Participant: 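Quick one: structure below, then a few questions.
Because the structure is predicted, anything quoted here is derived from the model rather than measured.
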Amino acid sequence: MGNKGLRYAIRDGFIGLKRHPMVLILSITTMFIMLSLLAAFVVFAFNANAVLKEAGEIPPVEIQFELGVNPDMVVNLAEQFEQNDNIVEYKVMSPADNMEDFIKLMDKDGLFDEFNYEDHIPWTILLRLKDPQLGQAFKAEVLQYPGVYDVMMETALMSSLESAIQTVSLLSLLVFFILLIVSVMVINNMIRIIALSRANELSIMKTMGATDLYIRIPFVIEGLFVSLLASILSIAVILSAYNILLNRLKAGFISDSLLTVGQVALPVVLVVLVLAVLVGGLTSYLSVKRYIRV
């Protein structure tokens, strides 16, 4: 088939879109729903991983020093943390700072006026690690430092967070494949309906000498059109809805853990468009081969 034949085949594909408007609208609507669910889940999955990653850093590692330790030793250890790339942030807490936090927690300002906190409350350093899995090695290293009494960690919570990250990842793959199968079924049924309605016409074209490729191209064009239009609509709707959601959340409270629209836009566009092209093109090609035997 030459360039002229290819142009005619592509033209017939767009003309064919007008022949079955109800089938076209139903297919676009169904694909739109499926791709919107996929786009929404991509936004959810990326946010879930971001939140879990940050939550894994939130459980603080608390370094407790011996009572009466020289403050210079605390400062020296803190300065070493400046060069440690595995530490996200740290905060040095003097006995007075720890006492002040304790009073705020108890909400009893006058109850501890005569309490000599310097004899009972140690210096501490609160910090967050880049990766919770580094906790045990970090603890063993810090315990070797002079003046350190103990290193307390939320190991159980960290393990739960690691398990949650794995669960979200597996769930993401499962939902992706389910939506992929549903999308393939939608395009397959659309091609089947169109092919059956044009069976006599296609038989005449075959008798007149039309090549298999010439007959298949219009169906592929129709499948790609439905998928691409549905994908563009779903991307626009989901990203707009996510932007509105972020604005409403910021009106009440600010959540730094949620990703911005710009951060989720690229993965959403890539996943939805790639799936649309693969499903629309490949499924159309295979379906027309199955139903009209060309």
Side-chain angles (χ1 to χ4, degrees), residues 44-173 253-260 263 267:
F44 165 78
F46 272 78
N47 271 294
N49 279 308
V51 170
L52 287 173
K53 181 178 180 180
E54 182 168 335
E57 299 170 353
I58 289 175
V61 177
E62 181 176 336
I63 302 174
Q64 287 189 356
F65 290 84
E66 298 173 352
L67 292 174
V69 68
N70 188 333
D72 291 339
M73 299 179 67
V74 180
V75 174
N76 290 337
L77 181 58
E79 289 177 348
Q80 294 182 27
F81 292 159
E82 290 285 348
Q83 311 299 325
N84 193 332
D85 295 333
N86 293 323
I87 296 177
V88 178
E89 64 180 0
Y90 69 89
K91 182 180 181 181
V92 178
M93 301 285 290
S94 68
D97 296 329
N98 286 319
M99 184 64 190
E100 182 179 352
D101 285 351
F102 180 71
I103 292 175
K104 289 180 181 179
L105 179 64
M106 297 296 294
D107 196 21
K108 300 290 183 179
D109 293 342
L111 185 62
F112 302 96
D113 289 344
E114 299 181 359
F115 180 72
N116 187 5
Y117 62 84
E118 293 182 349
D119 294 336
H120 299 86
I121 298 180
W123 284 79
T124 60
I125 298 179
L126 299 178
L127 58 87
R128 295 191 301 153
L129 294 175
K130 182 182 297 184
D131 186 349
Q133 294 182 351
L134 301 172
Q136 293 301 323
F138 178 81
K139 178 178 180 179
E141 179 182 350
V142 173
L143 284 175
Q144 303 301 317
Y145 190 83
V148 173
Y149 175 73
D150 195 10
V151 178
M152 296 186 296
M153 305 174 61
E154 294 288 347
T155 53
L157 179 57
M158 290 181 178
S159 299
S160 298
L161 288 169
E162 292 173 18
S163 176
I165 291 174
Q166 295 177 357
T167 301
V168 169
S169 299
L170 292 175
L171 183 61
S172 301
L173 289 175
F253 62 93
I254 298 176
S255 178
D256 295 332
S257 299
L258 292 179
L259 301 176
T260 65
Q263 290 175 309

Participant: Please enumerate all residues that pass ring pair (Phe, Tyr, Trp, His ring centres under 6.0 Å) together with Phe46, with sequence neighbours excluded.
Facilitator: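 With sequence neighbours excluded, Phe46 shows a ring pair (Phe, Tyr, Trp, His ring centres under 6.0 Å) to no residue whatsoever.
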
Participant: Counting C-beta onward and ignoring hydrogens, is there a side-chain heavy-atom pair between Trp123 and Leu67 closer than 4.5 Å?
Facilitator: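 The answer is no, as the side chains (C-beta and beyond) never meet within the 4.5 Å cut-off.
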
Participant: Could you measure the distance from the CG atom of Leu77 to the CG atom of Asp72? Nearest 0.5 Å is fine.
Facilitator: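 One finds 12.5 Å between CG of Leu77 and CG of Asp72.
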
Participant: Please report the shortest heavy-atom distance between Ile63 and Val148, naming the atom on each side.
Facilitator: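 Closest approach of Ile63 to Val148, heavy atoms only: CG2-CG1, 4.0 Å.
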
Participant: Does anything in residues 74-92 pair up under salt bridge (charged side-chain N to carboxylate O under 4.0 Å, His left out), and if so which pairs, sequence neighbours excluded?
Facilitator: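 Residue pairs with at least one partner in residues 74-92: Glu89-Arg128.
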
Participant: Are the side chain of Asp97 and the backbone N or O of Ser94 linked by a donor-acceptor pair below 3.5 Å?
Facilitator: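 Yes, the answer is positive, given that a donor and an acceptor are paired below the 3.5 Å cut-off.
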
Participant: Mind checking the CG-CG spacing from Asn47 to Leu259? Nearest 0.5 Å is all I need.
Facilitator: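 Answer for the CG-CG pair, Asn47 versus Leu259, is 4.5 Å.
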
Participant: Taking side chain as C-beta onward, heavy atoms only, is Glu66 less than 4.5 Å from Pro122?
Facilitator: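 When only atoms from C-beta onward are counted, Pro122 and Glu66 do not touch, as no gap falls below 4.5 Å.
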
Participant: Do the side chains of Asn76 and Val74 get nearer than 4.5 Å, heavy atoms only?
Facilitator: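 Val74 does not reach Asn76 side chain to side chain.
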
Participant: In chain order, what residues pass the side-chain contact (heavy atoms from CB on, under 4.5 Å) check against Ala78, with sequence neighbours excluded?
Facilitator: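 Ala78 satisfies side-chain contact (heavy atoms from CB on, under 4.5 Å) with Tyr90, Val92, Ile125 only.
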
Participant: Which distance, rounded to the nearest 0.5 Å, do you find between the CG of Leu143 and the CZ of Phe138?
Facilitator: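 Leu143 CG to Phe138 CZ: 9.5 Å, rounded to 0.5 Å.
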
Participant: Under the salt bridge (Lys or Arg N to Asp or Glu O under 4.0 Å) rule, collect the residues that match up with Glu62, sequence neighbours excluded.
Facilitator: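 Salt bridge (Lys or Arg N to Asp or Glu O under 4.0 Å) list for Glu62, sorted by chain: empty.
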
Participant: If a pair satisfies side chain to side chain donor-acceptor pair (under 3.5 Å) and one of its residues is in residues 139-150, list it, with sequence neighbours excluded.
Facilitator: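 Listed once each, the pairs would be none.
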
